[in-house]
Amino acid sequence: MADYAIAPPPQPVVPVEGETAAFPVRRILCVGRNCAAHRREMGGDDRDPPFFFTKPADAVVTPGRDPAYPSRTANLHHEIELVVAIGAEGADVAPDAALDLVFGYAVGVDLTRRDLQAAARDKGQPWDAAKAFDDSAPISAIRRWSGPAPQGRITLSVNGETRQDAVVADMIWNLPEIVSEASKLWRLMPGDLIFTGTPEGVGPLVRGDRVEGEVDGVGRLAFEVT
Ligand code: MN
């Protein structure tokens with residue numbers, strides 16, 4: 001065993017539905033602008049293709065925990081997303097082989113400091129402070145999966161009121177394309193998570209809000225902003 005100068009940080013994990021062994025998170029890739037209607041509500045150009053950004057592995061907030069309202073923002077937003085959990089190594093993988101890398105799927109919320117994102121975008125600065133903060137990735141348990149990717153309804157409600165209600169199959173890049181595109185930019189490894197982009201209807205959260213999200217056939221998550 002290696003000798004460390006400080007205590008090594010704990011390994012972030014996400015539970016696997018119905019199993020005692022958890023999924024260790026290596027890193028989190030996220031797709032931006034993967035829905036035409038969301039791209040428009042963000043003021044994007046209709047020709048802009050989707051792209052990637054990242055969050056640290058320890059941004060995950062697992063079932064039973066509640067995310068803290070982050071510092072330095074007055075406009076925290078919810079983005080409900082289908083999350084892919086990668087279970088096999090792959091680089092430069094074609095779309096028709098991409099789903100072979102999938103361990104399973106989960107439901108996630110890409111929490112966003114929208115005010116800091118807008119300021120960064122205006123100045124051409126990176127998005128890290130807007131996207132990659134502590135507790136910025138609430139996630140459900142992972143459901144093991146083989147075969148065709150989920151295609152169904154994706155919804156999010158706040159205090160019982162529906163805010164986002166769309167269909168996974170309507171996204172610009174489909175699941176095989178997302179995994180393939182990611183594998184052209186990074187060597188995907190077991191433990192990687194990919195947040196696949198949100199549909200339209202993003203909006204603000206305040207302390208005390210109760211958030212519930214669901215992807216048909218994949219699972220549900222629920223948390224309170226504290
Ligand atoms: Mn997002």
Side-chain angles (χ1 to χ4, degrees), residues 14 25 27-46 48-61 67 69-70 73 75-86 105-121 125-140 142 149-150 153-158 162-175 177-179 181-182 185-186 192-205 209 211-215 218-219 221 223 225:
V14 176
V25 182
R27 62 177 165 193
I28 305 173
L29 307 176
C30 305
V31 182
R33 307 269 167 82
N34 196 25
C35 163
H38 173 59
R39 187 170 57 188
R40 283 194 293 276
E41 76 182 352
M42 289 291 101
D45 188 294
D46 274 0
D48 289 343
F51 58 90
F52 290 95
F53 60 92
T54 69
K55 293 175 187 269
D58 65 359
V60 291
V61 180
Y69 194 95
T73 183
N75 196 19
L76 178 69
H77 269 208
H78 56 78
E79 299 190 354
I80 186 73
E81 310 204 359
L82 174 62
V83 180
V84 184
I86 298 293
Y105 295 94
V107 183
V109 176
D110 167 16
L111 289 176
T112 302
R113 286 166 164 149
R114 194 69 76 200
D115 42 3
L116 299 195
Q117 185 191 32
R121 197 169 49 209
Q125 292 176 346
W127 282 12
D128 301 62
K131 288 289 196 179
F133 52 91
D134 296 343
D135 285 0
S136 60
I139 189 168
S140 72
I142 295 167
R153 192 168 170 204
I154 180 169
T155 57
L156 179 139
S157 68
V158 180
T162 299
R163 295 263 192 97
Q164 297 187 265
D165 188 351
V167 174
V168 170
D170 290 343
M171 303 298 261
I172 296 169
W173 280 348
N174 64 31
L175 269 295
E177 288 168 336
I178 288 167
V179 175
E181 291 291 328
L185 291 162
W186 296 276
D192 291 347
L193 296 176
I194 307 175
F195 278 61
T196 60
T198 197
E200 71 274 26
V202 301
L205 294 171
D209 276 348
V211 177
E212 295 182 284
E214 183 167 12
V215 177
V218 173
L221 91 175
F223 60 84
V225 181

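First listed ligand is number 1; within each ligand, the first listed atom is number 1. Basis for what follows: all heavy atoms, side chains included, without hydrogens, waters or symmetry-related copies.
Ring orientation note: the planes of Phe52 and Trp173 are tilted relative to one another, at an angle of 30° to 60°.
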(request) Could you please spell out the steps behind the side-chain hydrogen bond (donor to acceptor under 3.5 Å, both in side chains) verdict for His77 and Gln117? (result) CA-CA 11 Å; His77 269 208; Gln117 185 191 32; over 6 Å; no
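The main-chain N or O of Ser136 is found under 3.5 Å from a side-chain atom of Lys55 such that the two form a donor-acceptor pair. The main-chain N or O of Ile80 is found under 3.5 Å from a side-chain atom of Thr198 such that the two form a donor-acceptor pair.
Proximity of Asp135 to Leu111: side-chain heavy atoms (C-beta onward) are nowhere separated by under 4.5 Å.
Around the Mn ion (ligand 1), the protein atoms of type N, O or S that sit closer than 2.8 Å are Glu79 OE1, Glu81 OE2, Asp110 OD2.
Of the listed residues (Leu221, Val225, Val60), just one forms a side chain to side chain contact (heavy atoms under 4.5 Å, CB included) with Pro138, and that residue is Leu221.
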